[in-house]
Amino acid sequence: MKIQSKFVLLFFCVALGLISILMGAIFFFTQQYAFEDFYKRLEARVNIGAEVYMQEDELTIYYYRRIRNRYLERLPAESDFFFRVEHGKVIPKKGAPQLPKSFFTEILKKGRSRYNNRNDFFAGRFLSRRKAISL
């Protein structure tokens, strides 16, 4: 094999390796950004739901649902859950998803938490005034 052919083959392999690494990095960081953006949007929904839950006003709840249906894109299987907290323990609710205790422990310690189980995403926040967790 000529030295010119070896040079071309070596350059091709190096260029292919660098492009592969670059494409992998772009994919990784794009995926990280997409998940972070999704969680921020999910946390915004949790915050809105928590604020409405704190109001206990039928008119506020009506406007909340109306604005939410009008401006927020509906997520598949989207639900709001509120859990009571008594003496530092979360009281489970009927029909609520089974979540690990570490998720609730982190909410009680840090005030908020995120959890992902396959393609089910959860975000939670502690409401101190009503001693409840918004999910």
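Residue numbers start at 1 and run along the sequence shown.
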*Asks:* Testing the basics here: between I107 and S113, what is the closest heavy-atom pair and its distance to 0.1 Å?
*Replies:*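 Taking I107 first and S113 second, the nearest heavy atoms are CG1-CB, 3.4 Å.
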
*Asks:* Any chance you could measure F38, atom CZ, to N116, atom CG, to the nearest 0.5 Å?
*Replies:*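 It is 9.0 Å, given to the nearest 0.5 Å.
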
*Asks:* Does atom CG of D37 have more than 12 heavy-atom neighbours from other groups under 6.0 Å away?
*Replies:*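 Result for CG/D37: enclosed.
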
*Asks:* Quick one: pull up CZ in F104 and NZ in K109 and give me the separation to the nearest 0.5 Å.
*Replies:*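 F104 atom CZ to K109 atom NZ measures 15.0 Å (nearest 0.5 Å).
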
*Asks:* I need the L16 CG to I21 CD1 distance, nearest 0.5 Å.
*Replies:*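 The distance works out to 10.0 Å.
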
*Asks:* State, with a plain yes or no, whether a side-chain heavy atom of N47 is found less than 4.5 Å away from one of R112.
*Replies:*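 The answer is yes, as the side chains (C-beta and beyond) meet within the 4.5 Å cut-off.
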
*Asks:* Are the side chains of P97 and F81 in contact, using a 4.5 Å heavy-atom criterion?
*Replies:*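 Answer yes - side chains close enough.
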
*Asks:* Hey, can you tell me if F121 and F35 have their rings parallel, tilted or perpendicular (30° and 60° cut-offs)?
*Replies:*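 Ring orientation of F121 relative to F35: tilted.
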
*Asks:* V8 vs K2, test: side-chain contact (heavy atoms from CB on, under 4.5 Å). Steps then yes/no.
*Replies:* CA-CA 10 Å; V8 169; K2 287 192 210 177; over 6 Å; no

*Asks:* Taking atom OH of Y39 and atom OH of Y115, what is their separation to the nearest 0.5 Å?
*Replies:*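 With rounding to 0.5 Å, OH (Y39) is 9.5 Å from OH (Y115).
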
*Asks:* Working to the nearest 0.5 Å, report the span between CE of M23 and CD1 of I26.
*Replies:*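 Nearest 0.5 Å value for the CE-CD1 distance: 5.5 Å.
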
*Asks:* For the CG atom of L10 and the OG atom of S5, what is their distance to the nearest 0.5 Å?
*Replies:*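 Between L10 CG and S5 OG, I get 12.5 Å after rounding to 0.5 Å.
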
*Asks:* Is any side-chain heavy atom of L18 closer than 4.5 Å to one of L22?
*Replies:*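 Sidechains of L18 and L22: no contact.
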
